[in-house]
Amino acid sequence: MRYYLVAGEASGDLHGANLMKALKKKDLSADFQFYGGDKMLAEGGVLKKHYAEMAFMGFTEVILNLSTILKNLKACKADIVAYRPDVLILIDFPGFNLKIADFAKEHGIKVCYYISPKVWAWNQKRVLKIKKIVDRLFCILPFEVDFYKEWGMDVDYVGNPLLDEIALFEPDPLFKEKYNLQHKEVVALLPGSRKQEIERLLPDMLSIRNAFPDYHFVVAAAPSFDESYYQQFIKSSDVTLVFGQTYNLLNIAKVAVVASGTATLETALFHIPQVVVYRGGKISVAIARMLVKIRFISLVNLIMDREVVKELIQEDCNTKNITLYLKEIGDGEGRAKMLADYQILSEKMGTAGASERTADLIISYLKGDSN
């Protein structure tokens with residue numbers, strides 16, 4: 001069968017690649033076209049647009065880049081019509097993907113949405129639109145099933161695909177030696193994969209170095225940027241940069257400072273104590289604070305429904321606060337409590353296999369074996 005997938009950021013590329021891998025096992029003649037990234041490209045098929053050209057954060061950023069977004073939407077719609085897939089598989093990225101779903105539905109193309117849009121965070125009435133334009137919705141967070149049920153929508157809970165990726169991870173035994181990290185404990189800095197978040201967060205993350213002279217600071221760099229881009233922020237020989245090595249870095253880190261997003265959950269599943277940070281445009285954040293209906297921004301706290309990791313947002317994201325809370329989880333009671341909470345979180349998340357379960361459900365749906 002022919003599958004058209006749309007992922008608009010690094011995490012979507014990761015999950016899309018795993019889903020493609022699972023689909024190929026069940027459909028040996030699977031053909032793919034997609035918006036995504038390098039991981040999806042490695043699974044085969046035709047990459048139509050890289051996510052690095054698509055990811056814009058916040059309300060004001062979207063407005064400023066509206067012409068680019070509209071061009072991308074137009075091109076994606078044209079591709080879908082030309083390719084005429086058996087199914088369109090949308091991966092998170094709701095601002096873009098819900099428009100694509102609407103278009104596909106109008107053209108009689110089946111729509112599966114993998115990794116539910118976070119409509120529970122704000123503008124919950126979007127569920128009514130989703131019910132009309134999405135044929136099958138696959139959720140990866142335990143609380144989403146009850147949320148959709150309250151709106152009269154049946155969804156499939158498939159587990160979290162991060163568990164798949166972590167289960168496949170094989171640590172590099174020479175990682176410390178390769179980057180000369182044997183002599184000090186490591187602070188992992190995960191500033192995100194989008195240009196805006198890196199530029200807003202990495203300077204704050206790096207500003208705490210003097211408070212941790214006994215630690216080695218290592219930045220998890222996004223493959224879509226080069227070393228010179230990061231060096232403009234680092235400007236120091238005592239910070240190490242690693243590309244495409246986030247799991248190897250988390251595997252050896254003592255603590256981490258992490259941009260709000262999927263990486264917060266990955267860090268928790270590696271059982272690395274963390275401080276979560278976020279900075280957005282002033283207007284975007286002001287609007288979000290009026291609209292958003294959730295108490296937390298990190299997936300760890302959302303899943304646990306209480307504060308497990310400290311969230312430092314906007315003006316609270318500063319050298320003093322990051323230093324204070326990172327020291328609290330470096331040793332002692334604060335560290336022990338967070339690790340105990342991580343264990344509960346891991347039990348809530350369940351087992352690996354989300355990609356396989358989703359692939360089974362999609363193929364079963366396409367063959368007419370389920371409603």
Determine whether [X] and [Y] make a side-chain contact, defined as any pair of heavy atoms from C-beta on separated by less than 4.5 Å.
X	Y	answer
Tyr114	Val158	yes
Met1	Asp31	no
Tyr230	Phe243	yes
Ile208	Phe217	yes
Pro94	Val119	no
Leu19	Ile362	yes
Ile89	Tyr113	no
Phe147	Val155	no

For the residue pair [X] and [Y], confirm or rule out a side-chain donor-acceptor distance under 3.5 Å.
X	Y	result
Tyr247	Glu266	yes
Ser116	Tyr148	yes
Gln274	Tyr342	yes
His271	Ser346	yes
Ser298	Thr264	no

Which pairs pass salt bridge (charged side-chain N to carboxylate O under 4.0 Å, His left out) with one or both residues in residues 154-163, sequence neighbours excluded?
Arg136-Asp156
For the side chain of [X] and the backbone of [Y], is there at least one donor-acceptor N/O pair under 3.5 Å apart?
X	Y	answer
Glu185	Asp214	no
Asn321	Asp316	yes
Asn248	Phe175	no
Asp135	Val111	yes
Lys24	Glu43	yes
Asn301	Phe296	no
Gln33	Gly45	no
His50	Ala52	yes
Asn251	Pro171	no
Gln124	Trp120	yes

Does [X] come within less than 4.0 Å of [Y], counting only side-chain N to carboxylate O?
X	Y	answer
Asp238	Arg209	yes
Glu199	Lys195	yes
Lys178	Asp172	yes
Glu197	Arg279	no

Compare every heavy atom of [Y] with every heavy atom of [X], then report the nearest pair and how far apart it is.
X	Y	answer
Asn18	Ser355	CB-OG, 3.3 Å
Pro191	Leu189	CD-O, 3.3 Å
Ala7	Tyr51	O-CB, 4.1 Å
Ala268	Leu345	CB-CD2, 3.6 Å
Asp164	Gly353	OD1-N, 2.8 Å
Cys139	Glu144	CB-OE1, 3.2 Å

If you draw the axis of the six-membered ring of Phe212, does the NZ or CZ of Lys254 fall within 45° of it and under 6.0 Å from the ring centre?
no
Is the cationic atom of Arg2 (NZ for Lys, CZ for Arg) positioned less than 6.0 Å from the six-membered ring centroid of Phe32 and within 45 degrees of its normal?
no
Can you list the residues that meet the salt bridge (charged side-chain N to carboxylate O under 4.0 Å, His left out) rule with Lys129, with sequence neighbours excluded?
Asp102
Test salt bridge (charged side-chain N to carboxylate O under 4.0 Å, His left out) applied to Arg126 - qualifying residues, sequence neighbours left out:
none
Kindly work out whether a path of hydrophobic side-chain contacts (I/L/V/M/F/W/Y, heavy atoms less than 4.5 Å apart) joins Phe34 to Val46.
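Different clusters: Phe34 never reaches Val46 through Ile, Leu, Val, Met, Phe, Trp or Tyr contacts under 4.5 Å.
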Hydrophobic clustering (ILVMFWY, side-chain heavy atoms < 4.5 Å, transitive) - are Phe270 and Leu168 grouped together?
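Per the 4.5 Å side-chain linkage, Leu168 and Phe270 are not co-clustered.
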Evaluation steps, salt bridge (charged side-chain N to carboxylate O under 4.0 Å, His left out), between Asp86 and Lys110:
CA-CA 7 Å; Asp86 292 288; Lys110 293 176 179 177; over 6 Å; no
Nonpolar side-chain network containing Phe103, other nodes, edges under 4.5 Å
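Cluster partners of Phe103: Val81.
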Is it the case that atom [atom1] in [X] sees more than 12 heavy atoms from other parts of the structure closer than 6.0 Å?
X	atom1	answer
Asp226	CG	yes
Glu106	CD	yes
Glu347	CD	yes
Lys71	NZ	no

Rounded to the nearest 0.5 Å, what separates atom [atom1] in [X] from atom [atom2] in [Y]?
X	Y	atom1	atom2	value
Ile234	Gln232	CD1	CD	10.0 Å
Asp92	Lys118	CG	NZ	3.5 Å
Tyr278	Ile297	OH	CD1	7.5 Å
Gln182	Ile252	CD	CD1	10.0 Å
Asn160	Thr351	CG	OG1	11.0 Å
Asn97	Ile100	CG	CD1	7.0 Å

Plane angle bin for Tyr229 and Phe233 - parallel if under 30°, tilted between 30 and 60°, otherwise perpendicular:
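The arrangement is perpendicular - the two ring planes meet at more than 60°.
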Fit a plane to each ring of Tyr35 and Tyr4, take the angle between them on a 0 to 90° scale, and name the class: parallel (under 30°), tilted (30 to 60°) or perpendicular (over 60°).
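Rings of Tyr35 and Tyr4: tilted, 30 to 60°.
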Would Glu53 and Lys49 count as a salt bridge (charged side-chain N to carboxylate O under 4.0 Å, His left out) if you check the C-alpha gap in whole Å, the side-chain angles of each, and the deciding distance to 0.1 Å?
CA-CA 7 Å; Glu53 301 175 58; Lys49 179 78 68 174; 3.8 Å; yes
Applying salt bridge (charged side-chain N to carboxylate O under 4.0 Å, His left out), run through Asp79 and Lys48 and close with a yes or a no.
CA-CA 8 Å; Asp79 280 338; Lys48 306 297 289 190; 3.7 Å; yes
Applying ring pair (Phe, Tyr, Trp, His ring centres under 6.0 Å), can you list everything that pairs with Phe138, at least two apart in sequence or on another chain?
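For Phe138 there are no ring pair (Phe, Tyr, Trp, His ring centres under 6.0 Å) partners, ignoring immediate neighbours.
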Could you work out, with side chain to side chain donor-acceptor pair (under 3.5 Å) as the rule, every residue matching Glu356, not counting sequence neighbours?
none
